[in-house]
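Worksheet: one structure, shown below.
In listed order, ligands and their atoms are each counted from 1.
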Amino acid sequence: MKVLFSLLLVLVIASPSLCSKVRESNIPNAFNIVNYGAKGDGHTDDSNSFLKAWKDACSSTKGTPTLIVPTDKIFMTQPLTFQGPCKSATMNVTISGTITAPPNREHWKSNGNDHDSWITFSHISGLVVNGGGTLNAQGDSWWDKSSSHRPTAVRFLGCNNLKHGPMTHLNSPRNHISITGCDDVLISNVNLTAPETSPNTDGVDISSSTKVFIEHSTISTGDDCVAINSGSKFINITNVNCGPGHGISVGSLGKNGEYSTVEEVYVSDIIFTRTTNGARIKTWEGGSGYARKIIYNNITLDGVKNPVIIDQQYDALQYAGKGVKISDVTFRNFRGTTKDKIAIKLNCCSIGCTNIVLEEINISGLNGERSSSLCKNAHGSSSSCNPTVTCLNN
Ligand SMILES: *[C@@H]1O[C@H](CO)[C@@H](O)[C@H](O)[C@H]1NC(C)=O
Ligand SMILES: *[C@@H]1O[C@H](CO)[C@@H](O)[C@H](O)[C@H]1NC(C)=O
Ligand SMILES: *[C@@H]1O[C@H](CO)[C@@H](O)[C@H](O)[C@H]1NC(C)=O
Ligand SMILES: *[C@@H]1O[C@H](CO)[C@@H](O)[C@H](O)[C@H]1NC(C)=O
Ligand SMILES: *[C@@H]1O[C@H](CO)[C@@H](O)[C@H](O)[C@H]1NC(C)=O
């Protein structure tokens with residue numbers, strides 16, 4: 001009995017490390033950065049080990065090459081780029097341990113991209129980045145320098161057929177994840193965390209990409225949880241806890257007179273907690289293009305400042321008749337509380353927003369008091385909407 005008990009104890013204690021070791025060595029065609037000299041002591045610069053392991057993985061022609069960042073260690077790297085295209089049609093990057101940026105901005109070296117980002121995945125198709133580890137971008141030393149050019153933590157550039165998560169991202173200097181020029185993307189089970197007061201620390205920024213899905217994730221940062229920018233279409237965001245932060249935004253679109261387009265956006269099953277915005281569409285004056293076919297559905301609000309907001313900025317005379325056209329937008333099944341009096345703001349410029357639909361909305365003040373709405377140049381319909389939006393139905 002005693003022997004059996006000891007045996008069990010040994011098994012219980014040994015099994016987690018046993019499992020992960022077995023798992024890692026069982027992966028065919030694996031490229032473990034430790035075998036390329038990475039120290040993982042938290043302060044030695046391991047960048048070269050990452051790059052050497054990647055070079056071999058990317059030029060391998062067998063199966064799915066897997067770059068391995070093992071568990072229980074902290075690997076410090078300078079800004080680096082995992083460059084594709086690779087020989088294999090699919091690439092796995094399994095990060096079980098922690099990767100950390102230099103602790104202070106003074107210690108960041110430029111890798112030629114002018115501090116644009118910390119870790120870049122460029123033009124790799126069929127890429128999977130998962131493993132449940134942590135990417136700590138150590139952004140705090142960047143946040144207080146308000147005028148400086150801050151880097152994105154992780155950038156996916158031209159990566160078609162991308163899967164990312166489970167993964168934790170901490171404290172980006174600027175946005176945590178940026179997705180640019182990628183088609184067929186699935187981001188799931190990511191946890192993006194930075195202080196509420198950290199500037200411009202968006203969770204995920206999407207631009208010039210199609211078919212991007214974000215699901216089952218928690219995003220608590222100092223700016224937008226997700227921002228959907230120009231050139232994006234077929235974007236689904238579902239089952240996300242957002243807050244603190246600035247909400248899930250389409251835009252800002254049309255800055256500096258740009259032509260911007262976003263369409264086919266579906267956001268559902270979201271809980272916004274203490275965010276400044278919930279569902280937001282924002283455009284700049286003087287731009288052109290459109291934001292259309294956008295649905296926000298099944299949204300829970302807890303003390304949100306602007307639960308529903310369309311914000312077309314100023315309507316200065318020189319821009320009359322010009323602007324990013326907003327149409328076919330549905331806000332359905334919103335419930336909960338607002339921190340401000342005005343729960344619904346539809347502030348459209350003179351060209352007007354058309355086919356704006358509000359259905360099954362019930363938003364009250366923090367103490368159950370009535371909230372109100374504001375409406376300018378918006379056309380469409382509303383039903384079962386508290387607060388009422390009198391300018392619709394026309
Ligand atoms: C690569 O990652 C995917 C997704 O996690 C997994 O299904 C696949 O088995 C992995 N391939 C290898 C060779 O480990
Ligand atoms: C996300 O990560 C932060 C920081 O590590 C942690 O405090 C928080 O509990 C995590 N949230 C979830 C939902 O895992
Ligand atoms: C994405 O959203 C659209 C609604 O606009 C829905 O029809 C489609 O099934 C969603 N796709 C997935 C994979 O959830
Ligand atoms: C609405 O979203 C919540 C998560 O916020 C989810 O638990 C619930 O199942 C969703 N309801 C429907 C009808 O999909
Ligand atoms: C709206 O929400 C309030 C507060 O939760 C609740 O008392 C009220 O019954 C709801 N109204 C409708 C029509 O669901």
Side-chain angles (χ1 to χ4, degrees), residues 20 22-32 57 60-69 74 86 88-100 124-140 153 159 161-172 176 184-196 198 201 203 215-221 225 239-245 271 273 299-304 307 332-338 343-344 358-371 382-388:
S20 67
V22 166
R23 240 189 291 123
E24 280 170 12
S25 61
N26 267 357
I27 296 174
N29 210 15
F31 300 83
N32 189 325
S60 169
T61 50
K62 286 182 289 173
T64 301
T66 303
L67 184 86
I68 291 178
V69 179
I74 302 174
C86 296
S88 172
T90 51
M91 295 294 294
N92 283 6
V93 174
T94 305
I95 303 169
S96 314
T98 295
I99 308 179
T100 180
I124 306 156
S125 60
L127 174 66
V128 175
V129 181
N130 62 12
T134 298
L135 300 172
N136 182 353
Q138 308 240 46
D140 19 346
C159 291
N161 218 331
L162 166 71
K163 289 191 175 70
H164 182 46
M167 191 70 58
T168 296
H169 292 239
L170 297 178
N171 296 339
S172 176
H176 287 74
D184 290 298
V185 177
L186 173 62
I187 309 273
S188 60
N189 295 291
V190 296
N191 174 359
L192 315 183
T193 303
E196 185 173 4
S198 57
T201 52
E215 58 179 33
H216 301 294
S217 292
T218 300
I219 307 177
S220 319
T221 66
C225 289
N239 266 294
V240 170
N241 289 328
C242 167
I271 301 175
T273 307
I299 308 291
T300 303
L301 306 150
D302 180 1
V304 173
R332 182 193 302 129
N333 196 359
F334 280 54
R335 74 202 83 81
T337 56
T338 178
I344 299 172
L358 287 155
E359 293 171 347
E360 292 163 58
I361 311 270
N362 186 9
I363 307 169
S364 47
L366 281 177
N367 301 309
E369 67 273 28
R370 293 189 70 88
S371 65
S382 72
S383 67
S384 182
C385 187
N386 168 32
T388 53

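Ranking the protein heavy atoms by distance from atom 2 (O) of ligand 5 puts N362 ND2, 2.4 Å first. The nearest protein atom to atom 4 (C) of ligand 1, hydrogens excluded, is given as V128 CG1, 3.9 Å; this is a heavy-atom distance. Among protein heavy atoms, the minimum distance from atom 5 (O) of ligand 2 is reached at L170 CD2, 4.0 Å. Among protein heavy atoms, the minimum distance from atom 13 (C) of ligand 2 is reached at T218 OG1, 3.6 Å.
Side-chain contact annotation: T94 with T66, donor-acceptor N/O pair under 3.5 Å absent.
Nearest to atom 3 (C) of ligand 2 by heavy atom, out of I219, T134, N191, N241, is N191.
The only option from I95, T98, T100 that meets the side-chain contact (heavy atoms from CB on, under 4.5 Å) definition with L135 turns out to be I95. A side-chain contact (heavy atoms from CB on, under 4.5 Å) with I361 is found for exactly one of I344, T388, N333, namely I344. Screening V129, N130, I124, V128 for a side-chain contact (heavy atoms from CB on, under 4.5 Å) involving V93 leaves a single residue, V129.
For a threshold of 3.5 Å applied to N or O pairs, the pair formed by S364 and ligand 5 contains no separation below that value. Residue N92 places at least one N or O, backbone or side chain, under 3.5 Å from an N or O of ligand 1.
Counting heavy atoms of neighbouring residues, nucleotides and ligands inside a 6.0 Å radius, atom CG of L186 exceeds 12 of them.
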key: Candidate pair R370 and S364, rule side chain to side chain donor-acceptor pair (under 3.5 Å), full reasoning   = CA-CA 5 Å; R370 293 189 70 88; S364 47; over 6 Å; no
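Using a 4.0 Å threshold on non-hydrogen atoms, atom 7 (O) of ligand 2 does not count as touching the protein. Distance check for atom 11 (N) of ligand 2: a protein heavy atom is found below 4.0 Å.
At distances below 3.5 Å, at least one donor-acceptor pair connects side-chain atoms of S217 with backbone N or O atoms of V190.
Annotation for ligand 2: atoms under 4.0 Å from non-hydrogen atoms of T193 are 1 (C), 2 (O), 3 (C).
Contact annotation: the side chain of T134 approaches that of L170 to within less than 4.5 Å [non-hydrogen atoms, C-beta and beyond].
Only the side chain of N130 comes within 4.0 Å of ligand 1, counting heavy atoms alone; its backbone N, CA, C and O stay farther away.
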